[in-house]
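Sharing a structure with you now.
Reckoned from all heavy atoms, side chains included, excluding hydrogens, waters and symmetry mates.
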Amino acid sequence: KSDNKTVQNIEKTWNNLTSNDPMVYFYMNDDYETIYKEDRRTGNLALAFAILSVIIASLGLYGLTSFTTQQRTKEIGIRKANGASTRSVMLLLYKNTALLILIAAILAWSAGYFFSKNWLENFYFRTSLSPWEFILSLGIVAFVAWITISYKSYRAASINPSDALRYE
């Protein structure tokens, strides 16, 4: 290995220049590994909690959609009886949730920007936060919400209007 040969040559030169002082050396890769080990561990922990929070939020969103469709069963039945399409009823149910998602995103963006900016200031090589990262996060959240809501809202929107009206 060339690294080992290089170290041996440096050690031989060191021994020629010094009087029996041992050469102490280290690799910068090992030093960087110890420096960033804690950040890597924190990142893995944050990822695990992020996945857990997405699962819990999706379950809550599914419950909210179930509650909303149950409360609005008569309204959905009347809309369907008047000729509303399944798609329009699904959009009606999604529109209510989309507003809540937008409000939550604005609150999360401000907190995320503050904490990320403070965290990034601890690094020697700094990077700036781009607005596209926050917009992408809103897109991902909207997609996950759409997937979560779609099943329940499709079931509610595709029921027979007479069954929905008889339910009440």
Side-chain angles (χ1 to χ4, degrees), residues 1-15 18 21-72 86-87 89-158:
K1 193 173 168 183
S2 66
D3 280 345
N4 196 12
K5 192 172 187 175
T6 304
V7 169
Q8 288 174 352
N9 287 336
I10 293 171
E11 190 170 11
K12 187 170 29 167
T13 307
W14 175 266
N15 289 334
T18 63
D21 288 334
M23 183 179 88
V24 179
Y25 68 94
F26 62 92
Y27 290 102
M28 288 299 289
N29 290 349
D30 297 337
D31 198 32
Y32 283 131
E33 178 68 27
T34 25
I35 290 172
Y36 292 112
K37 186 176 185 180
E38 184 67 26
D39 284 332
R40 201 171 297 116
R41 190 177 73 95
T42 303
N44 289 338
L45 192 62
L47 178 66
F49 279 115
I51 290 171
L52 182 64
S53 66
V54 166
I55 291 170
I56 291 172
S58 295
L59 288 173
L61 192 57
Y62 184 79
L64 178 66
T65 305
S66 297
F67 179 74
T68 303
T69 55
Q70 187 178 20
Q71 292 292 331
R72 299 175 82 176
T86 302
R87 182 174 181 236
V89 173
M90 287 178 66
L91 284 174
L92 175 75
L93 294 172
Y94 187 71
K95 184 174 62 172
N96 295 335
T97 308
L99 180 64
L100 295 174
I101 290 172
L102 186 62
I103 292 169
I106 291 170
L107 293 173
W109 283 348
S110 58
Y113 179 78
F114 175 74
F115 289 118
S116 296
K117 187 175 181 195
N118 288 341
W119 179 66
L120 289 173
E121 286 177 358
N122 294 329
F123 291 97
Y124 181 73
F125 295 107
R126 290 188 174 80
T127 184
S128 61
L129 294 171
S130 168
W132 291 109
E133 295 158 348
F134 295 100
I135 293 170
L136 178 66
S137 69
L138 177 62
I140 292 170
V141 167
F143 179 72
V144 169
W146 178 75
I147 296 268
T148 304
I149 294 171
S150 292
Y151 172 72
K152 194 66 176 172
S153 62
Y154 178 75
R155 277 191 45 205
S158 61

Q: Determine yes or no for a side-chain-to-main-chain donor-acceptor pair under 3.5 angstrom, with Ser116 supplying the side chain and Tyr113 the backbone.
A: no
**Q.** Heavy atoms of other groups near Trp146 CH2, more than 12 under 6.0 Å
**A.** no
Q | Side-chain touch Leu47/Ile51, heavy atoms, less than 4.5 angstrom | A |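 The answer is yes, as the side chains (C-beta and beyond) meet within the 4.5 Å cut-off.
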Q) Going by the salt bridge (charged side-chain N to carboxylate O under 4.0 Å, His left out) test, which pairs reach into residues 36-47, not counting sequence neighbours? A) Glu33-Arg40, Glu38-Arg41
Q. How many angstroms lie between atom OG1 of Thr34 and atom CG of Asn29, to the nearest 0.5 angstrom?
A. 10.5 Å
Q | Interatomic distance, Leu93 atom CG to Arg72 atom CZ [nearest 0.5 angstrom] | A | 6.0 Å
Q) Phe134 and Ser137: which non-hydrogen atoms are nearest, and at how many Å? A)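 Minimum heavy-atom contact is O-OG, 2.5 Å.
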Q.
Between Thr18 and Met23, is there a side-chain heavy-atom distance shorter than 4.5 Å?
A.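 No. Closest side-chain heavy atoms not under 4.5 Å.
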**Q.** Residue pair Leu138, Ile101: steps toward the side chain to side chain contact (heavy atoms under 4.5 Å, CB included) verdict
**A.** CA-CA 8 Å; Leu138 177 62; Ile101 290 172; 4.2 Å; yes
Q. With a cut-off of 6.0 Å (strictly less than), are more than 12 heavy atoms of other residues, nucleotides or ligands near OH of Tyr154?
A. no
**Q.** Point-to-point distance, once rounded to the nearest 0.5 Å, from CG of Leu100 to CG of Asn96
**A.** 7.5 Å
Q. Roughly how far, to the nearest 0.5 Å, is the CG atom of Leu102 from the CD1 atom of Ile106?
A. 4.5 Å
Q: Could I get the full list of ring-ring contact (aromatic ring centres under 6.0 Å, His included) partners for Trp14, not counting sequence neighbours?
A: none
Q: May I ask you to test the Thr69-Arg155 pair for a side-chain heavy-atom distance under 4.5 Å?
A: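 No; the side chains remain at least 4.5 Å from each other.
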(Q) Any heavy-atom pair between the side chains of Thr148 and Thr97 that's under 4.5 Å? (A)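 In short, these two side chains do not touch, never coming nearer than 4.5 Å.
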(Q) Determine whether Lys95 and Leu91 satisfy the following criterion, side chain to side chain contact (heavy atoms under 4.5 Å, CB included), listing intermediate values before the conclusion. (A) CA-CA 6 Å; Lys95 184 174 62 172; Leu91 284 174; over 6 Å; no
Q: Tell me, yes or no, whether the heavy-atom count around Phe143 atom CZ, taken from other residues, nucleotides or ligands under 6.0 Å, exceeds 12.
A: no
Q: Check the pair Lys152, Thr68 against side chain to side chain contact (heavy atoms under 4.5 Å, CB included), reporting the backbone distance first and the verdict last.
A: CA-CA 10 Å; Lys152 194 66 176 172; Thr68 303; over 6 Å; no
Q) When rounded to the nearest 0.5 angstrom, what is the spacing between CG in Leu129 and CH2 in Trp109? A) 13.5 Å
**Q.** Spacing of Ser153 atom OG and Tyr62 atom OH [to the nearest 0.5 Å]
**A.** 10.0 Å
